[in-house]
2 protein chains.
Amino acid sequence: MNIGEVSERTGLPAKTIRYYEDIGLVTPQRAANSYREFRESDVHKLAFLGNARGLGFSIEDCRALLTLWEDRSRASGDVRQIAKDHLVEIESKIAGLQAMRATLSDLVSACAGDDRPDCPILKGLAG
Amino acid sequence: MNIGEVSERTGLPAKTIRYYEDIGLVTPQRAANSYREFRESDVHKLAFLGNARGLGFSIEDCRALLTLWEDRSRASGDVRQIAKDHLVEIESKIAGLQAMRATLSDLVSACAGDDRPDCPILKGLAG
DNA sequence: CTTGACCTTCCCGTGACTGGAACCTCTATG
DNA sequence: CATAGAGGTTCCAGTCACGGGAAGGTCAAG
């Protein structure tokens, strides 16, 4: 299977798939014309990667998860730990963004937003 | 005032302050020894930048906000628009992260996390 | 005079791609 | 058979907002 079809089937841009090969996440075979030749197992890996990235796992997390996925004798505790750590990160990002939203929406609602120069937002940002 | 003191007073790393000079956000004077010489107005600008960045505004947003801040005849509506757009972005980031959290926490709680290889997290990621 | 803190510039690296140039290969059509 | 166009290849540069570290100049204290 060529990269275009894989791209369609996984939803990943061809550029991304090439990048994943570059960094060793997938290793498709090569045809005589130097085209990449993807097997079903490559497509599954790439779909897995797409899902993991979609959940915000870093590439290195993905690499670890992929290794565990391929390891039939893995301990599910290892997977769970990675996921839990990531969950904590996500939660702290959410908290940070919510704090931003709170401050910012206060400022926005305090600002008349008309032609006059008086602006509580700028005042807020100034300190 | 030297960069070290400015760094302490604004909470911005010296590296960041130099970077902000590089991209034209501040333009401190120079002393004979080639050291940067910051005036109070530079410190205020940098504090403003620190606050705006802390609320997640991009550098280009900060540049625009700074220009408006310095423009005594600005319309507060311009400021408000930038802030509102940014608020929308923040909210969509929060929504994205919350969706990740929902899926991920479902997976984590479905996973026993012991020594056995059976793992709903990997199953979920596989499709 | 030396030590050590502070300052300078310069260049490379980050994460996870994305865009683009220059070029090769396959397939369908005139 | 020539050609056009779609798809493939490699490689290099850029993104964003800095951070690390090298190599060297400057200043105040002892």
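In what follows, every chain begins at residue 1, and chains take the letters A, B, ... in the order their sequences are listed.
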Within this structure, what is the [atom1]-[atom2] distance for the pair [X] and [Y], rounded to the nearest 0.5 Å?
X      : Y      : atom1 : atom2 : answer
B/L107 : B/C119 : CG    : SG    : 8.5 Å
A/N51  : A/T10  : CG    : OG1   : 10.0 Å
A/Q98  : A/S105 : CD    : OG    : 11.5 Å
B/K15  : B/D22  : NZ    : CG    : 10.0 Å
A/L125 : A/K123 : CG    : NZ    : 12.5 Å

Review point. Do B/M1 and B/Y20 share a hydrophobic cluster, counting only Ile, Leu, Val, Met, Phe, Trp and Tyr and linking them when any side-chain heavy atoms are less than 4.5 Å apart?
Key: yes
Review point. B/V43 and B/L65: same hydrophobic cluster, using ILVMFWY side-chain contacts below 4.5 Å?
Key: yes
Exercise for review: For A/D114, look at atom CG and say whether over 12 heavy atoms of other residues, nucleotides or ligands are found less than 6.0 Å away.
Suggested key: yes
Exercise for review: Check whether more than 12 heavy atoms from other residues, nucleotides or ligands sit under 6.0 Å from atom CG of B/D85, and answer yes or no.
Suggested key: yes
Would [X] and [Y] pass as an ion pair if we require N to O under 4.0 Å?
X      : Y      : result
B/D42  : B/R39  : yes
B/D118 : B/R116 : no
B/E40  : B/R9   : yes
A/R18  : A/E21  : no

Identify, residue by residue, the members of [range] with a heavy atom below 4.0 Å from DNA chain C, and return them in order of residue number, or none.
range                      : value
residues 30-53 of chain A  : A/N33, A/Y35, A/R53
residues 86-104 of chain A : none
residues 54-65 of chain A  : A/S58, A/I59
residues 14-24 of chain A  : A/K15, A/T16, A/Y19, A/Y20

Between [X] (side chain) and [Y] (backbone), is there a donor-acceptor pair under 3.5 Å?
X      : Y     : value
A/R36  : A/I3  : no
B/R101 : A/E91 : no
A/S7   : A/L12 : yes

Practice item. Using five pairs at either end of the helix from C/dC1-D/dG30 to C/dG30-D/dC1, determine the angle between the two local helix axes and round it to 10 degrees. Key: 30°
Check your understanding: Would a 4.5 Å heavy-atom cut-off, applied to side chains only, mark A/I121 and A/L104 as touching?
Key -> no
Review point. Taking any atom under 4.0 angstrom from a heavy atom of chain B, which nucleotides of DNA chain D are the first and last to qualify, 5' to 3'?
Key: D/dA17 to D/dC27
